[in-house]
Protein chains: 2
Amino acid sequence: MPKRNQQPELASKLSDKGIRLTKQRRILIDLIESANQHLHPSDLLYQAREKGVKLDRTTVYRTLTMLKELGLVEELDLLHLNGHEHYYEIRHDRGHIHIGCISCGKILELHTDCLSDLCDEIRQKTGFIIKTVRTEVAAVCPDCQRKT
Amino acid sequence: MPKRNQQPELASKLSDKGIRLTKQRRILIDLIESANQHLHPSDLLYQAREKGVKLDRTTVYRTLTMLKELGLVEELDLLHLNGHEHYYEIRHDRGHIHIGCISCGKILELHTDCLSDLCDEIRQKTGFIIKTVRTEVAAVCPDCQRKT
DNA sequence: TGATAGTTGCAACAAATTTGCAAGTTGATC
DNA sequence: GATCAACTTGCAAATTTGTTGCAACTATCA
């Protein structure tokens, strides 16, 4: 769950890069920025249409691809806890991981410094230059532990 | 890349659970256990057919789903560096991560202890009981760094 | 306001995965 | 080893997810 009420930065980042702000792109980045849960392409399509904006699946996919290539959003699979859909969220600088409950499907975000240790280790051991780290955890949440 | 020449344990784990060992399942788990790279469903299908076993895509998917539900294999997307295929590997106990080069597509595995620190942190902060931790890293490998 | 280069929607395609069901197989039992 | 019920498989068709080509449209800048 990306944080609510973030500054709407994506729009200005896009126009800074000379990318046109069409109404389709505006609604999509608005939805992504204000989402309180992770969204997949179909969510975005239906939510945008609910708000009265006409757009097509193709545009959703193209916009997400563009945002991903610009490094502004990240694509997650959330361990395929609910089928094979892909989810999108604003890309944050601080490392955070996703923990999904395999019983109820709830997704929790956690900020941690472990990831930067991991990055250091990778750099030293392999010489790879790291662009993105994605950590996803399958687990059972306290609520579901009690129920069983 | 799962390690070569592991003990063929999957077959006995399956029959212990009362699951029938058909020739289709035998060849599939054999391929997964002896693979030296990550396999996707089509790889498995063609490799099994090369060995003279008749089987259908459907059976590959059904078998992989079963193995995944039993916690015997893991499904990876390897950051979609090569399209949207999913890959499968034997589930290991020791933590290891996948590092993919976004330039040449090469996948490297790395064993690390950072993940157990992370697990401790998650347990303490959230109370979740962890079942699987999956870390995938997008990076640029040393070879590709030189080329640019 | 007009020009133009970038965007969109549509239709068709492609790839990945799933489902229903009849026919075939496994493994326990005799 | 033969029998049989329950489990599995293969096939065909459908579904879901994502992509492509192209004509029509539109945001932006002079």
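A note on names: the letters A, B, ... follow the listed sequences, proteins ahead of strands, and every chain is numbered from 1. Computed from heavy atoms alone, side chains included, the values below leave out hydrogens, waters and symmetry copies.
Using a 4.5 Å heavy-atom threshold, the side chains of A/Cys141 and A/Leu108 count as separate. Counting heavy atoms from C-beta outward, B/Ile122 and A/Ile97 have side chains that approach closer than 4.5 Å. In this structure, B/Arg134 and A/Asp77 have side chains that are in contact, with non-hydrogen atoms separated by less than 4.5 Å.
Between the C1' atom of C/dA23 and the CG atom of B/Asp56 lies a distance of 14 Å, rounded to the nearest Å. A/Leu39 has its CG atom 15 Å from the P atom of D/dT17, to the nearest Å. If you measure from atom CG of A/Leu45 to atom P of C/dC10, you get 11 Å, rounded to the nearest angstrom. Protein atom CD1 of A/Ile27 is 13 Å distant from nucleotide atom P of C/dG9, rounded to whole Å.
Classified by interplanar angle (parallel below 30°, tilted 30° to 60°, perpendicular above 60°), the ring pair A/His84/A/His80 is tilted.
Between A/Gln24 and D/dT26 there is no side-chain polar atom (N or O) within less than 4.0 angstrom of OP1 or OP2. Residue B/Arg57 has no polar side-chain atom (N or O) positioned under 4.0 Å from OP1 or OP2 of C/dT17. The phosphate of C/dT7 has neither OP1 nor OP2 within less than 4.0 Å of any side-chain N or O from A/Lys54.
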Determine, for nucleotides 24-30 of chain C in 5'-to-3' order, which nucleotides have protein heavy atoms under 4.0 Å from the base (write B), from only the sugar-phosphate (write S), or from neither (write -). -BBS---

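For the residue pair B/Gln24 / B/Thr59, no side-chain donor-acceptor distance below 3.5 Å is found, with atom types taken as modelled. Under the 3.5 Å distance criterion, with hydrogens and angles disregarded, a donor-acceptor pair is assigned to the side chains of A/His38 and A/Glu89.
In this structure, B/Arg123 pairs ionically with B/Asp120, as a charged nitrogen and a carboxylate oxygen lie closer than 4.0 Å.
For the contact set between residues 58-66 of chain A and DNA chain D, defined by any heavy atom under 4.0 Å, the members are A/Thr58, A/Tyr61, A/Arg62. Taking a 4.0 Å limit (strictly below) on heavy-atom distances, residues 76-87 of chain A reaches DNA chain C at A/His84.
Not one N or O on the side chain of A/Arg57 forms a donor-acceptor pair closer than 3.5 Å with the backbone of A/Ser42. Here the side chain of A/Glu136 pairs no donor or acceptor atom with the backbone of A/His98 at under 3.5 angstrom.
The 5' end of DNA chain D is approached more closely, in terms of each residue's nearest nucleotide, by B/Gly18 than by the other of B/Gly18 and B/Arg49.
Minimum interatomic distance between B/Val60 and B/Pro41 (heavy atoms only, all atoms of both residues): CG1-O, 3.7 Å.
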Test side chain to side chain contact (heavy atoms under 4.5 Å, CB included) on B/Ile19 and B/Leu70 and set out the steps. CA-CA 11 Å; B/Ile19 288 169; B/Leu70 292 172; 3.5 Å; yes

